[in-house]
Amino acid sequence: MSNNQVWDDEYEVVVVGSGAAALAGAYTAARRGLKTLLVEKTNLLGGASAYSGASCWLPGTQVQQRADVQDSGESAKAYLQAVMGDHEVERREAFVDTAPELVEFFESDPAIEFYWTAFPDYFNAHESKPLGRSMMPVDLPREEIGELADLVRPLVEYDRYNQPHPDGPLTAGQALIGRLLLALTNTGNGTIQLETELVDVISEDGRVTGAIVKNAEGTRRIRATEGVILGAGGFEANQDLRTLNGTPGNSGWTMAPAGANTGTAIRAGQKAGGVVEQLHQAWWCPGAAQPKGNAAFALGFRGGVWLDANGQRFANECLPYDQMGRVLAAAPERIPSWFIFDSRFGGELPGIMRPFNTTPQEHLDAGTWVKADTLDELAAATGLPADALQASIERFNGFTVTGVDEDFHRGENPYDQFFADPAYGPGPTLIPVDQAPFYAARMVLSDLGTKGGLRTDVDARVLREDGTAVEGLYAVGNTSASFSGGFYPGPGTPLGSGMVFAYRAAQTLKA
Ligand code: FAD
């Protein structure tokens, strides 16, 4: 009991959600000796983080040093300055300054290990790294995590089809969530409650002192003596909020787990006095329309061209996915549009699609792809104007001869080349579209989560409009407004920054 409150349970810290940010916060708090409760609304841990490629953009750490990659915090700061100008300097520099400490703290736990992985920074700017500054968790053998593995949400390839992760080690996002879960469990200070949803936070005299959670047993009031960390994702699955906030895309096309992240934690933070910002922003990506009406994250195009409804190219198809998403978001008439490719790729889309287990035939049967022997027939099947389609392909094929994309400069950035296949010669991003039959894949705007939310300070404290902190309340991951605003600087910015700010939040709690 405190003041007039009646509590059903008491912890020092309550963490809401179980993505990488929430688990990083829960683990850090628990390792510091704080009695920590983590509540997750679904029956599985990990959210979109478990679906992810688990690339973590964490510059200048011991992981880069081990791999002999030249990187430093100063270099990363200069890169962010070149990309983002003066946007959110204080938070972004706190992020860069803390990345090495986070990695050292995590890797001092036997459950957590990363390795450097090549993935170029997303902007060809001052101090960008052509092979990047990202890392991934080492695959996690089943025998190390044991039965806890069953609590981790399977990768999107399996989860969307209600299948468990196959036998073998946990990989990518599953490995990240599995390792954080194992580390949290090993502290002995963490309690996890699945199928338990945050409904609201409780405030007393302007300070957040607990959370109201709901599960099959009813509604309970949980006291949090040191703080509540909201890490419940964004609102990508809530179409009403997307519409209200003018967030381009669609709740049915997001890559986050269906129905999971609906913005409840953001709303709770607002009710407690927090202010929100950047609600129109998301971590965008092209989506390949799927037979069931949802979308698959499409990246790494190396062949084909992307045409709008007028049959015109409108961008460098090899752009980093968020930048291509922004091109689509800026002109809604490009959604949907068509990606045209020829048969030299064996009837497969010349890029990567996740989930990757829908076959070309399933797409053709569903009409999300069409196939034709001539470009005229393809125009008829897609509704694209035949003359414009022919002209666009001819012009692009001309660029494949000269080796220069005069319209959109495809192939001129290190990122463009990263996914290219050298088997296609000296200009492997400029490959003609000339081998019948031809294909068209319907494309939409997808996202990896929204990135607007509660405004926070360098320690993830939720801020009021007047800049003061709501004591006892923290927001991390996509529940908070990202420091990166309208930019996606490098592969792993969502996970890297989510974990860093959760770590900083948990380090400020009184132990
Ligand atoms: P999530 O990981 O989605 O976790 C939120 C959790 O909160 C969910 O489990 C949800 O069920 C739970 N929740 C929601 N509401 C409540 C409530 N009221 N009460 C309790 N629990 C609640 N990012 C990178 O940095 N690197 C990558 O390589 C990368 N690859 C990606 C690949 C794919 C296919 C996808 C889908 C995303 C990828 N991303 C990547 C993006 C990144 O995964 C997400 O932006 C990030 O994981 C969001 O983390 P989060 O912790 O905010 O939310």
Side-chain angles (χ1 to χ4, degrees), residues 14-26 38-58 117 119 134-137 151-153 155-157 159-160 172-173 176-177 180 192-201 211-215 229-238 254-269 282-285 287 295-299 321-322 352-356 446-451 453 475-480 482 484 488-499 501-502:
V14 173
V15 178
V16 181
S18 65
L23 274 167
L38 180 144
V39 293
E40 161 57 48
K41 108 184 203 188
T42 70
N43 63 343
L44 293 166
L45 298 169
S49 307
Y51 282 180
S52 76
S55 185
C56 303
W57 201 79
L58 293 165
T117 177
F119 205 157
S134 299
M135 63 189 69
M136 288 188 53
L151 302 183
V152 180
R153 185 174 289 283
L155 293 176
V156 63
E157 282 73 25
D159 197 38
R160 273 201 184 170
L176 183 63
I177 295 302
L180 290 169
I192 292 173
Q193 291 179 359
L194 291 172
E195 297 182 273
T196 302
E197 181 178 7
L198 173 91
V199 179
D200 209 346
V201 294
I212 302 177
V213 301
K214 191 174 74 178
N215 61 19
I229 301 178
L230 303 174
F235 57 91
E236 53 270 14
N238 186 330
T254 184
M255 288 301 299
N261 297 339
T262 54
T264 315
I266 296 174
R267 278 281 167 89
W283 309 100
W284 277 298
C285 62
F297 177 14
L299 76 162
Y321 47 88
D322 179 67
I352 301 163
M353 259 197 295
R354 290 198 63 201
F356 37 70
S446 181
D447 61 71
L448 309 178
T450 52
K451 67 187 302 198
V476 297
N478 292 343
T479 302
S480 62
S482 172
S484 65
Y488 196 146
T493 309
L495 294 173
S497 60
M499 291 193 297
F501 285 112

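Numbering starts at 1 and runs along the sequence shown. These figures come from a predicted structure and were not determined experimentally. All ligand and atom numbering here is 1-based and tracks the order in the structure. Basis for what follows: all heavy atoms, side chains included, without hydrogens, waters or symmetry-related copies.
The nearest protein atom to atom 11 (O) of ligand 1, hydrogens excluded, is given as Glu40 OE2, 2.7 Å; this is a heavy-atom distance.
At least one N/O-N/O distance between Leu495 and ligand 1 falls below 3.5 Å. Residue Glu197 has no N or O atom closer than 3.5 Å to an N or O atom of ligand 1. Remark: ligand 1 and Ala48 share an N or O pair separated by less than 3.5 Å (distance only, no angle test).
Of the candidates Leu198, Asn261, Val213, Leu198 brings a heavy atom nearest to atom 18 (N) of ligand 1. Heavy-atom proximity to atom 42 (C) of ligand 1, evaluated over Pro494, Ala265, Gly259, is greatest for Pro494. Remark: among candidates Gly25, Gly233, Gly449, the nearest residue to atom 53 (O) of ligand 1 is Gly233, based on non-hydrogen atoms. Of the candidates Lys451, Met255, Lys41, it is Lys41 that places a heavy atom closest to atom 20 (C) of ligand 1.
The pair Glu157-Arg354 meets the salt-bridge criterion, since a charged nitrogen lies less than 4.0 angstrom from a carboxylate oxygen.
Contacts of Asn478 with ligand 1, taken as heavy-atom pairs under 4.0 Å, involve both backbone and side chain. Within the 4.0 Å heavy-atom criterion, neither part of Thr262 lies near ligand 1.
Donor-acceptor pairing under 3.5 Å is recorded for the side chains of Ser484 and Lys451.
Side-chain N or O atoms of Thr479 include none that pairs as donor or acceptor with a backbone N or O of Ile266 at under 3.5 Å.
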